[in-house]
Structure formats: structure tokens, C-alpha cells
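Report on one structure; see the data block that follows.
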Amino acid sequence: MTPPRYALVDGNNFYVSCERVFAPRLEGRPVIVLSNNDGCAVARSEEAKALGIRMGQPGFEVRGLLQRANGVMLSSNYSLYADMSRRMMAVIAGFAPEQEIYSIDECFLRFAGFDHWDLEAHARRLRKQVRQWTGLPVGVGIGPTKTLAKLANRLAKKHPDYRSIGVCSLDALAPSQQEGYFAEVAVEDIWGVGSRWGAKLRALGIASALELKQAEPSLIRRRFGVVMERTLRELNGLACLSLEAAPPPKQQIIASRSFGQLVTDRTAILEATATYAAMAGERLRRERQASGALQVFLGTNPFLSKEPQYHPAALVPLSPPTDDTARLIRAAKAGVAAIWRAGFRYKKAGVMLLELAPADQRQGLLFAGPEEDHAERRSRLMEVVDGLNARMGRGAVRFAAEGLEQAWRMRRDKLTPAYTTGWASLPVAS
DNA sequence: TCTGGGGTCCTAGGACCC
DNA sequence: TCTGGGGTCCTAGGACCC
């Protein structure tokens with residue numbers, strides 16, 4: 001029996017593709033989707049890439065270019081992408097016994113005991129099905145390890161030999177053919193090699209996937225550590241990374257945002273951090289965890305180098321650990337009280353929940369205060385709040401501390417409708 | 001005017017202990 | 001002439017991912 005095969009399936013230009021499903025006017029034009037606060041490009045259509053717009057490039061830098069090319073700039077519509085992702089992942093799940101959802105637009109599949117299958121043909125059917133049922137284009141790469149599946153996926157999407165098919169299986173290639181392709185892949189395009197390591201590898205004369213594959217493992221281990229050595233071994237077909245079908249419990253939860261405008265007002269900071277504490281709390285309860293410590297952090301705008309900079313943080317212990325938004329907000333306020341200073345223009349604030357542990361294994365207190373006596377009622381209250389917000393939209397029910405006006409909220413000037421998750425925004429076919 | 005947010009893992013070094 | 005060695009825990013920083 002041959003060893004298992006891995007596939008990596010991912011959505012092409014995922015956020016842009018999600019938008020295009022519901023807005024045919026975006027077809028054939030340069031389109032970019034901006035990060036939160038309408039900051040930088042996080043997704044680009046092929047036409048936008050052809051214009052030279054880079055990943056992470058600030059929106060204001062490309063506005064003119066995009067306008068001249070009849071292009072479109074959109075705010076990110078995260079609830080739309082999350083919903084489209086769920087649909088896409090569900091369709092893909094029907095094609096393999098094991099699936100690891102790796103990010104909003106990618107998943108790994110593992111095929112063990114599929115010796116007599118034509119996985120490439122299988123992947124083509126998968127691709128067609130996803131397109132038909134969700135409207136989303138995906139690419140598929142297949143290989144004996146996750147790293148090789150990633151590399152094959154890259155070929156499937158970028159290489160002229162594969163682009164039109166959208167599927168690439170390394171198994172279909174003779175070793176010499178594989179080497180030819182590997183030689184064409186830049187070393188920083190390998191999964192696990194970023195720009196820093198890429199530069200260091202190049203300094204050692206290792207510039208392509210082929211050269212890393214053929215490098216001396218002990219040298220790589222010594223200079224780059226165990227992670228890179230694993231990458232090297234995976235490139236050589238030795239599976240070092242397993243499929244994680246069930247996501248491990250989170251170790252920390254972060255909720256943070258940049259402000260729409262610079263903030264000098266203490267009340268605004270308090271409202272914002274209360275809002276982030278509530279967001280983090282909601283995620284915490286969804287994970288069925290409780291937090292033993294909360295950290296609040298603030299920051300000025302590091303791009304304004306002439307302004308005084310201040311990036312404080314405060315850690316507030318939560319004893320006993322909690323998943324109650326009211327307590328998280330109280331802790332966040334205490335944190336802000338400790339670090340807030342007048343005279344700075346703040347750009348960003350956030351809340352981190354740390355020391356997470358399963359909510360049902362919380363250690364009892366020897367001397368329980370009135371707080372604990374109410375724990376049962378509190379957790380029922382939070383359930384109701386979460387339920388209402390899930391049904392009626394985030395913020396339908398919220399704590400007064402989060403503020404009403406929320407003038408500090410991030411910019412989302414170019415937001416598309418909630419096509420799939422809001423009744424009022426359902427597209428109408430006529 | 002204008003530059004995101006949310007995560008993980010590894011390593012080195014210091015403190016502390018025996 | 002000449003200052004041990006090893007283990008654990010914690011933290012900060014650096015790298016990576018999407």
C-alpha cells in the first residue's frame with residue numbers, strides 16, 4: 001500500500017471571488033478587498049495583480065491607479081466570507097474521508113488507502129462541484145506531504161502548464177519532471193519560508209525549492225532550527241506534519257481594532273476596550289473556555305514618526321477564571337485606568353484573553369464570594385445574549401459600557417451587503 | 001487624510017533549585 | 001591557582017502562517 005496522499009484545496013483570490021458571486025459587475029475588472037478599517041489590500045483579483053498592486057499595499061496608494069483602470073475597491077465583508085467559507089468547506093468535505101480546515105479559504109485533505117484511485121480526476125470533479133454549488137473557483141494540489149501539496153497547489157494556480165486545469169498532482173510527474181518544476185519555485189514561496197528566512201537561505205546559495213530540497217539537513221537544522229529542517233524533509237516526501245481534523249483548543253483570544261480616527265478621549269478608549277472585551281468573551285464562550293487573565297493594550301500610530309509614541313499594556317488577573325462578559329469588561333476598564341495617559345493620539349486598542357482552560361473544569365474557590373453564587377444565573381444570561389446576537393446580528397444586545405454612538409469605530413466605507421446572512425440583503429433574482 | 005487582525009511555534013537567556 | 005552542572009520554568013523576541 002502506498003503512503004497516504006495529501007491535497008490542499010484553496011479558494012482563488014477568496015474574498016474577491018466571494019464578492020463576485022453576488023456582483024457580476026465585478027467580473028473582468030481589477031478588484032481589491034481592503035483589510036479592516038479600509039487599510040490595505042488583503043485580496044486582489046488577477047486583473048488587480050496584473051496592475052502591480054501588492055498584497056498588503058495601503059489602499060490610498062492604489063486608489064488612483066485603480067480608478068484609471070475602471071477598478072473597484074471594497075471594504076472587507078467578513079460575515080459574507082465566513083458564510084461562503086462554511087459552504088465551500090462543506091462541499092469539499094464530501095470528497096475525502098479526512099479534512100483539516102486550515103484557514104478561511106484553505107483546507108487539507110488526507111487520502112489513505114486510495115491506491116487505485118485517480119486522485120487527479122477526483123480533484124477535478126471536486127473543483128467542478130464547488131464551482132457549481134457555491135460559485136467559487138478553487139485550486140487543488142496533491143502530494144505525499146502537506147508541504148508538497150501546498151507546493152503543488154501553487155503550481156496549479158500559477159504555472160502556465162496547470163493554470164487552466166487548476167489541479168496539479170505531483171504523483172503524475174516523473175522525478176526529473178518534478179525537479180524541473182521545483183527549480184522554478186522561489187524558496188520564499190515554500191510553505192514555512194518567509195521573507196526573512198528566504199533572504200538568509202539565498203545568502204547560502206539556496207534560492208529555489210529544488211535547492212532547499214537538496215540542502216544538507218544538519219546545516220539547515222543548525223542555521224534555521226527544527227521547523228525548517230521539517231520543511232526540508234517534507235519536500236523530500238517524508239511526512240512530518242499530520243492532519244489535524246479537530247482544531248486544538250485556543251491558547252489565547254485577541255480582539256483588537258484600529259480606530260476610524262485618532263482618539264484622544266478617555267471615554268472612547270473605555271468604550272472601545274469594553275466592546276473588544278465583549279467580542280473576545282463571545283469567542284471564549286463559543287470555545288467553551290474560561291480565561292484566567294486579561295491584557296489590555298493601547299497604541300499610537302507608529303507611522304506618524306514625529307508624534308510621541310506610546311504602546312502600553314496592562315495584565316489583569318481573573319480569579320477565578322471567567323467567561324462572563326461583565327467581568328471581562330470590568331477587568332478591561334481596570335486595565336485602561338492603569339495605562340491611559342492624556343496627551344497622546346491613540347490609533348488602536350485591544351484586549352487579549354490568556355490562560356484559557358475548559359470552562360467546565362474551573363477550579364472552585366475556597367471562599368466563594370457572591371460572584372460565584374450568581375455564576376449559574378450569569379452563564380444563563382450570557383447564553384441568551386449570545387443567542388440573540390447570533391440571530392439578530394452582532395451588537396443587537398450589548399453592554400452599556402460599549403457605548404451607543406461609537407464614533408471611534410473603524411471605517412468600512414465600501415461595504416457590500418450581507419448577501420447570505422441578512423434577510424434584508426438577500427439578492428433578488430428578476 | 002490614508003498603512004489589518006488573529007494566531008502558532010521555537011529559541012535563548014535569566015532565575016531559581018538541588 | 002583558579003569559581004559545577006544540570007534541570008525546570010518563565011518571558012521576550014523572532015520567525016512563520018493566512
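Heavy atoms only: backbone and side chains are in, while hydrogens, waters and symmetry mates are out. Computed from a predicted structure; not experimentally measured.
The side chain of A/Lys347 sits closest to B/dT3 out of B/dG6, B/dT11, B/dT3. Closest contact between the side chain of A/Lys250 and the listed nucleotides B/dT11, B/dT8, B/dG4 involves B/dT8. The side chain of A/Cys40 lies closest to B/dT3, out of B/dT3, B/dC2, B/dG7.
Protein atom CG of A/Asn77 is 16 Å distant from nucleotide atom C1' of B/dG5, rounded to whole Å. Rounded to whole angstrom, the span from the CG atom of A/Asn36 across to the P atom of B/dG4 amounts to 10 Å. Atom CG in A/Asp38 sits about 13 Å away from atom C1' in B/dT1, given to the nearest Å. Look at CG on A/Leu65: it is 16 Å from C1' on B/dC2, rounded to the nearest Å. Here the P atom of nucleotide B/dG5 and the NZ atom of A/Lys348 are 4 Å apart, to the nearest Å. Spacing between atom OH of A/Tyr78 and atom C1' of B/dG7 amounts to 11 Å, rounded to whole angstrom units. The separation between A/Gln251 atom CD and B/dT8 atom P is 5 Å, rounded to whole Å. In this structure, the CD atom of A/Gln295 is 16 Å from the P atom of B/dG5, given to the nearest Å.
A side-chain N or O of A/Glu19 and one of A/Tyr81 form a donor-acceptor pair less than 3.5 Å apart. Residues A/Gln261 and A/Trp408 bring no donor and acceptor atom of their side chains to less than 3.5 Å of each other. Between A/Asn12 and A/Ser17, the side chains place no donor N or O within less than 3.5 Å of an acceptor N or O (distance only, hydrogens not considered). Donor-acceptor pairing under 3.5 Å is lacking for the side chains of A/Ser195 and A/Glu188.
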Does the pair A/Lys49 and A/Asn13 meet the rule for a side-chain hydrogen bond (donor to acceptor under 3.5 Å, both in side chains), with working shown? CA-CA 10 Å; A/Lys49 289 176 192 172; A/Asn13 315 328; 2.8 Å; yes
Salt bridge (Lys or Arg N to Asp or Glu O under 4.0 Å) between A/Glu229 and A/Arg233, worked out: CA-CA 6 Å; A/Glu229 188 195 5; A/Arg233 303 234 184 246; 2.9 Å; yes
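Ring orientation note: the planes of A/Trp191 and A/Phe108 are tilted relative to one another, at an angle of 30° to 60°.
Look at A/Gln261 and you won't find any side-chain N or O under 4.0 angstrom from OP1 or OP2 of B/dC2. The phosphate of B/dC10 has OP1 or OP2 within less than 4.0 Å of a side-chain N or O from A/Arg230. Contact between the side-chain N/O atoms of A/Arg63 and the OP1/OP2 oxygens of B/dT1 is not found at any separation under 4.0 Å. The side chain of A/Ser35 places no N or O atom within less than 4.0 Å of a non-bridging phosphate oxygen (OP1 or OP2) of B/dT3. The shortest distance between the side-chain N/O atoms of A/Arg221 and the OP1/OP2 oxygens of B/dC10 is not below 4.0 Å. Distances shorter than 4.0 Å separate some side-chain N or O of A/Arg257 from OP1 or OP2 on B/dG6.
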Can you tabulate the close N/O pairs, meaning under 3.5 Å, that link protein atoms to atoms of nucleotides 13-18 of chain C?
residue	atom	partner	partner atom	Å
C/dA15	OP2	A/Arg196	NH1	2.8
C/dA15	O3'	A/Trp197	NE1	3.4
C/dC16	OP1	A/Gly194	N	2.9
C/dC16	OP1	A/Gly194	O	3.3
C/dC16	OP1	A/Arg196	N	3.4
C/dC16	OP1	A/Trp197	N	2.8
C/dC17	OP1	A/Gly192	N	3.0
C/dC17	OP1	A/Val193	N	3.3
C/dC17	OP1	A/Val193	O	3.4
C/dC17	O3'	A/Trp191	NE1	3.4
C/dC18	OP1	A/Lys150	NZ	2.5
C/dC18	O3'	A/Ser103	OG	2.8
C/dC18	O3'	A/Asp105	OD1	3.0
C/dC18	O3'	A/Glu106	OE2	3.4

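One C1' atom belongs to B/dC2, the other to C/dC18, and the distance between them is 24 Å to the nearest Å.
When the nearest nucleotides of DNA chain B are assigned to A/Arg283 and A/Phe224 by heavy-atom distance, the more 5′-ward of the two goes with A/Arg283. Comparing A/Pro249 and A/Ser258 by the nucleotide of DNA chain B that holds the closest heavy atom to each, the one mapping nearer the 5' end is A/Ser258.
Checking C/dG14 for Watson-Crick or G-U wobble geometry (two distances, each under 3.5 Å) identifies B/dC9 as its partner.
Ring-centre distance between A/Phe297 and A/His311: not below the 6.0 Å cut-off.
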